[in-house]
Amino acid sequence: MGADGKVRVRFAPSPTGALHIGGAHTALFNWLWARRTGGSFILRIEDTDRERSTAEYERTIMDGMRWLGLDWDEGPDKGGDHGPYRQSERMDGYREAAMALVRSDRAYMDGRAVIFRVPSGENILLDDVIYGAINVASEKSSVNQDGSVKDIVLIKSDGMPTYNFAVVVDDHSMGVTCVIRGEDHIANTPKQILIYRALGWETPQFAHLPMILGSDKKKLSKRHGATSVFEYSDMGYLPDAVFNFLALLGWTPGGGVEIFGRELAARAFELSNVTKKPAVFDTDKLNYVNQEHLKAMSPAARREAVEPFWRDLGLRYERHPREYTENALTLMGGRGRTTRELAEYSDYFVDFEPVKSRYDASETDGPHRGTLREFFGALYDKFGTSGWEAAKLEEFAREWCGENGVSLKEIAMPMRLALSGRKVSPGVFEMAGLMGGEECRARLSYYQFV
RNA sequence: GGUCCCAUCGUCCAGCGGUCUAGGACAUCGCCCUUUCAAGGCGGCGACACGGGUUCGAACCCCGUUGGGACCGCCA
């Protein structure tokens with residue numbers, strides 16, 4: 001606990017790449033714990049690698065976090081009582097701590113570098129919130145490939161602190177109470193604990209999160225496709241769905257609940273309930289979660305999510321009243337698992353052009369077209385072009401088919417194709433009702449059905 | 001090679017010594033619904049890695065084996 005007893009956690013990415021799935025997962029669990037406990041979530045930028053760190057990546061990471069709805073309480077952009085929040089701006093602290101260690105002979109100078117003496121014969125206990133007790137002999141905490149003890153570099157020759165040193169100094173001075181990070185850091189922790197001890201500082205709690213693996217069970221990387229969370233956005237995944245799916249990797253709110261939002265997660269989250277087993281990133285499940293969120297959205301929110309994809313497809317959705325496109329998407333029901341799919345599958349509601357390029361009505365040449373013309377003729381005789389209602393259209397179609405010995409399917413499928421250019425769509429009378437008699441006539445006459 | 005971690009259906013989780021002939025979700029297969037496809041409903045297939053202990057009793061505790069993984073940079 002911090003000075004005031006409040007939990008303080010942090011997400012500390014290095015701005016050497018975009019926010020990827022693994023980082024997002026770590027950030028998410030930190031966020032959950034902070035929100036659950038009413039504590040603070042700190043964003044700290046670990047830019048001590050001057051070669052690879054860029055301001056652009058720093059922005060991208062923050063944008064990624066915002067996209068996921070992970071807001072932070074302290075950070076480089078908004079300040080806080082423990083700033084600055086970029087390691088490159090905290091050099092004095094590292095220098096000071098390093099010199100203290102040199103004075104107490106726990107470290108020594110090597111040129112411009114400062115090196116920590118790794119002690120022997122000490123037991124290091126890492127009492128991890130998730131993994132439990134892990135014991136490591138101090139002389140095994142930092143070794144060369146041949147197993148010999150290797151002293152730990154604190155300050156590099158370029159004057160910058162190393163990761164293992166900077167984390168300790170910052171987590172301590174920022175009052176971090178619990179370090180939540182990926183399991184790949186377990187091996188670093190004993191070294192850090194040694195540094196805490198030498199500095200006479202109390203260690204924070206540690207909670208290591210299971211890794212996220214690709215379908216080949218290897219640590220997730222660019223090889224597995226998407227590297228940035230924005231690629232998921234581009235593919236048509238909703239931020240709420242990615243949040244939900246990521247939260248499910250290593251945790252459940254319990255009670256069999258799998259589809260949930262940030263509020264519920266923040267209320268139910270329990271750090272000690274997080275799984276130890278690495279989790280495979282399963283796209284099928286992500287698709288399902290996304291579909292569920294898509295179904296649960298309000299018509300207006302769904303429309304807004306789909307519009308950019310319609311725009312990408314060159315479809316001029318602005319021509320229609322919002323109510324029309326919203327109703328169209330409502331008719332789409334559970335069709336489409338990503339926003340992108342939903343936009344593609346519903347293109348014909350927006351424009352007739354894609355229909356023309358997909359369907360040529362050649363299979364209705366011959367006697368069947370005569371039947372269709374008779375039906376649509378009767379339909380327009382009865383309804384004209386206004387006041388089209390799905391239920392009435394369907395009732396008429398069923399009656400007409402019964403009287404003329406034609407199966408409904410023989411009418412419905414060509415009609416579906418003429419209106420949508422697809423064999424798959426919502427109910428054809430619902431579509432016709434929404435599009436209206438005028439638009440339907442244009443499409444039907446194009447195929448000479450009317 | 002060394003250190004450390006992990007081990008329940010293909011995948012994600014539940015199970016935290018008896019209520020487990022192991023539960024849910026995704027995926028998959030079948031049926032129902034039906035103007036198509038989704039959605040929805042119903043059902044099938046499908047796992048405690050193996051071997052020793054401890055215990056009246058083990059998926060749950062201990063040990064070993066096997067199999068995965070992470071780490072061993074003046075990267076973070």
Base paired to B/A39 (Watson-Crick or G-U; both N/O distances under 3.5 angstrom): none

Is the A/W31-A/F243 ring centre distance short of 6.0 angstrom? yes

Can you check whether A/K276 has a side-chain N or O nearer than 4.0 Å to OP1 or OP2 of B/G69? no

Is a donor on one side and an acceptor on the other found under 3.5 Å between the side chain of A/R8 and the backbone of A/M174? yes

Counting the atoms with a prime plus P, OP1 and OP2 as sugar-phosphate, which does A/S425 contact under 4.0 Å by heavy atoms, base, sugar-phosphate, or nothing? base

Report the nucleotide, chosen from B/U35, B/C74, B/A76, that has the shortest atom-to-atom distance to any side-chain atom of A/D49. B/A76

Per the atom types in the model, does the base of B/C74 pair as donor or acceptor with the side chain of A/S157 at under 3.5 Å? yes

Between A/K156 and B/G73, is there a contact of a side-chain N or O with OP1 or OP2 at under 4.0 Å? no

Span that lies between the P atom of B/C5 and that of B/C26, in whole angstrom: 36 Å

Using a cut-off of strictly less than 4.0 Å, decide whether A/R337 has a side-chain nitrogen or oxygen near OP1 or OP2 of B/A27. yes

Compute the centroid of each ring, for A/F245 and then for A/Y237, and state whether the two points are separated by less than 6.0 Å. no

Taking the ring centre of each residue, are A/Y85 and A/W72 less than 6.0 Å apart? no

Do A/N123 side-chain atoms and A/A137 backbone N/O form a donor-acceptor pair below 3.5 Å? no

Look at A/K295 and B/G40 and indicate whether a side-chain polar atom (N or O) is within less than 4.0 Å of OP1 or OP2. yes

Nearest to the side chain of A/D184, which nucleotide is it out of B/U35, B/C6, B/A70? B/A70

Does B/C71 have its OP1 or OP2 closer than 4.0 Å to a side-chain nitrogen or oxygen of A/K219? yes

Does B/G69 have its OP1 or OP2 closer than 4.0 Å to a side-chain nitrogen or oxygen of A/K218? yes

Need the pair for B/A49. Rule: Watson-Crick or G-U wobble, both distances under 3.5 Å, any strand; none if unpaired. B/U65

What is the nucleic acid contact for A/F429, judged by heavy atoms within less than 4.0 Å: base, sugar-phosphate only, or nothing? base

Using only side-chain N and O atoms of A/R398, determine if any of them is under 4.0 Å from OP1 or OP2 of B/U35. yes

Distance test, side-chain N/O of A/Y288 to OP1/OP2 of B/C26, below 4.0 Å: yes

